[in-house]
Number of protein chains: 2
Amino acid sequence: MSPTRAPKQTTHRGTGFLARGHDHRRCVDAALSRAEDLCAARSVRLTGLRRRVLELIWGSHKPLGAYQILEALRGERPGAAPPTVYRAVEFLVAQGLVHRIESLNAFVGCAHPGESHVSQLLICRACGEAAEIADPRLADTMDRITADAGFLAHRHAVEAVGLCRRCQIGADPE
Amino acid sequence: MSPTRAPKQTTHRGTGFLARGHDHRRCVDAALSRAEDLCAARSVRLTGLRRRVLELIWGSHKPLGAYQILEALRGERPGAAPPTVYRAVEFLVAQGLVHRIESLNAFVGCAHPGESHVSQLLICRACGEAAEIADPRLADTMDRITADAGFLAHRHAVEAVGLCRRCQIGADPE
DNA sequence: CCTGGAAATGTTATATTATAACATTCCGCC
DNA sequence: GGCGGAATGTTATAATATAACATTTCCAGG
């Protein structure tokens, strides 16, 4: 059913950010392949459009806005309009394949699709990349806090804006 | 300089949400008074407009959108326009008097102005109220995670959407 | 097959949120 | 009083998101 998996790429010194020279096509291929599998398992349709939008979002590790996606789609799909994009990302977010970054109004591929997780998104304001950290300590702490408050949490957004290690040490942000 | 402080109101059974019948005028008065003090201490100007916008935001514990604030302002300040509101909230957020809730594009009064804190906003999707929990465990956990990632965090947004205790037990959401 | 109906997409229009740019007023300070 | 920067007024427009209805796709059941 799904092709043989490429070995998982390690993050750049454990930062959640992949090294600059990493084989990004592998990220994309792995993401698309996992998406196919998950959708098949759930009997939901990863249509051509949805697959393409997922691929565009995975085009880099920088969050992509809806209108950037739209612009990219237009070359290949003349009738594309805002609802085209918003409906596709709605599906992808609902399936946990993509995260919406609230503080940017933008979308980024989910690094842990299919696993239930509370993740923290680290957004570098220099290079624009976003890394996803699914640390169990975070999930634990948030569970404890919301439980103490008697709050029944449904959806979490944990976002931090700052500088990734690479950009702190003065590396060229690109 | 600042008037005698009213005793702090306790939250409803420790949930972060105040009891329905609490004396809300006290919340507002306390918030405005703390704001006056903080701005004076920092030599920044809490002008009439800014004070009024802060008061409107504190009008309830429900986050208020910029255009809701605008609508409220218009009755008393005919020339009010979007920049009027956005500039005032920009100031209030910069001074830590108000939080912007990213997932709602809305603003809510900060419960801990002047104290450095990482806070989690609990947003009830039934009653619409937002509670702010400044639990040191959260700050610790996030510090540890970002430190492990070598990330230099600058700004945090931690938001949870769900049901507050009151609304879980079937209380009238209003 | 074929077709009925739901899901997906196309299409047009508009709502909502936010900012740019420049003019005017306010206010502390000399 | 008046200089200069901060705050606000004013007009226009950018950026993000959804409503509403038309059309197409696709597959489950006949």
Side-chain angles (χ1 to χ4, degrees), chain A residues 35-36 39-40 42-57 62-95 97-108 128 157 159, chain B residues 35-36 39-57 62-95 97-108 128 157 159 161:
Chain A
E36 299 276 13
C39 289
R42 293 171 183 167
S43 305
V44 296
R45 292 162 60 190
L46 186 63
T47 61
L49 173 62
R50 291 165 174 177
R51 192 179 197 285
R52 181 68 182 121
V53 169
L54 181 61
E55 191 178 17
L56 287 168
I57 290 172
K62 299 184 190 182
L64 218 51
Y67 282 74
Q68 290 177 280
I69 297 169
L70 179 56
E71 190 182 3
L73 269 184
R74 279 215 152 115
E76 57 207 48
R77 199 178 271 257
T84 312
V85 172
Y86 282 101
R87 289 192 287 226
V89 299
E90 179 186 35
F91 170 87
L92 296 169
V93 169
Q95 295 302 320
L97 300 169
V98 158
H99 290 290
R100 176 186 167 85
I101 300 186
E102 302 291 351
S103 56
L104 297 179
N105 296 329
F107 303 90
V108 73
E159 301 172 12
Chain B
E36 299 277 14
C39 289
R42 293 169 183 166
S43 305
V44 295
R45 291 163 56 192
L46 186 63
T47 61
L49 172 63
R50 290 166 174 175
R51 192 180 197 285
R52 181 67 182 123
V53 169
L54 181 60
E55 190 178 19
L56 287 168
I57 289 172
K62 299 184 189 185
L64 217 52
Y67 282 75
Q68 290 177 281
I69 297 169
L70 179 56
E71 191 182 2
L73 269 184
R74 279 214 154 115
E76 57 207 49
R77 197 179 272 259
T84 312
V85 172
Y86 282 100
R87 289 192 287 226
V89 298
E90 179 186 34
F91 170 86
L92 296 170
V93 169
Q95 295 302 321
L97 300 169
V98 157
H99 289 291
R100 177 187 164 84
I101 300 185
E102 301 290 352
S103 56
L104 297 179
N105 296 328
F107 303 90
V108 73
E159 301 172 11
V161 178

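Each chain gets a letter, A, B and so on, in the order the sequences are listed, and its residues count up from 1. For the numbers below, each heavy atom of this structure counts, side chains included, while hydrogens, waters and symmetry mates do not.
Using modelled atom types, one side-chain atom of Gln68(A) and one backbone atom of Gly65(A) make a donor-acceptor pair closer than 3.5 Å. One N or O on the side chain of Arg42(B) and one on the backbone of Gln95(B) form a donor-acceptor pair closer than 3.5 Å. Arg74(A) places a side-chain N or O within 3.5 Å of a backbone atom of Ala80(A) that can act as its donor or acceptor partner. No donor-acceptor pair closer than 3.5 Å links the side chain of Glu159(B) to the backbone N or O of Ile101(B).
We find that CG of Leu64(B) is positioned 15 Å from C1' of dT16(C), with the value rounded to whole Å. The distance between atom CD of Glu90(B) and atom P of dA18(C), rounded to the nearest whole Å, is 12 Å. Atom CZ in Arg50(A) sits roughly 12 Å away from atom P in dC26(D) (whole-Å rounding). With rounding to whole Å, Arg74(A) atom CZ is found 15 Å from dT9(C) atom C1'. To the nearest angstrom, C1' of dT9(C) lies 15 Å from CG of Leu46(A). Per the geometry, CD1 belonging to Ile69(A) stands 16 Å off C1' belonging to dT9(C), to the nearest Å. We find that CZ of Phe91(B) is positioned 20 Å from C1' of dT19(C), with the value rounded to whole Å. Here the P atom of nucleotide dA15(C) and the CD atom of Gln68(B) are 17 Å apart, to the nearest Å.
Of all heavy-atom pairs spanning Arg45(A) and Phe91(A), the tightest one is O-CZ, 3.6 Å. Contact detail for Ala72(B) and Glu76(B): the closest heavy-atom pair is O-OE1, 3.8 Å. Closest approach of Leu46(B) and Leu92(B) over heavy atoms only: CD1-CD2, 4.3 Å. Taking both residues in full, the closest heavy atoms of Leu54(B) and Leu97(B) are given as CD1-O, 4.0 Å, listed atom of the first, atom of the second, then distance.
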Measure all distances between protein nitrogen or oxygen atoms and nitrogen or oxygen atoms of nucleotides 9-16 of chain D, and list the pairs falling under 3.5 Å.
| residue | atom | partner | partner atom | Å |
| --- | --- | --- | --- | --- |
| dG9(D) | OP1 | Arg77(B) | NH1 | 3.0 |
| dG9(D) | N7 | Arg87(B) | NH2 | 2.5 |
| dG9(D) | O6 | Arg87(B) | NH1 | 3.0 |
| dG9(D) | O6 | Arg87(B) | NH2 | 3.4 |

With the criterion being N/O to N/O and under 3.5 Å, what pairs connect the protein with nucleotides 23-30 of chain C, and how long is each?
none

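Contact annotation: Thr47(B) side-chain N/O to dT8(D) OP1/OP2 distance is under 4.0 Å.
The structure places CZ of Arg50(B) at 9.0 Å from CD of Glu90(B), a figure rounded to the nearest 0.5 Å.
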Next item on the list: Go through the steps to decide whether Phe107(A) and Leu64(A) satisfy the test side-chain contact (heavy atoms from CB on, under 4.5 Å), and finish with yes or no.
Entry: CA-CA 5 Å; Phe107(A) 303 90; Leu64(A) 218 51; 5.5 Å; no

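Checked for salt-bridge contact, Arg52(B) and Glu55(B) meet the test: a charged N lies under 4.0 Å from a carboxylate O.
Bending across the helix from dC1(C)-dG30(D) to dC30(C)-dG1(D), expressed as the angle between its end axes from five pairs apiece, amounts to 30° (10° rounding).
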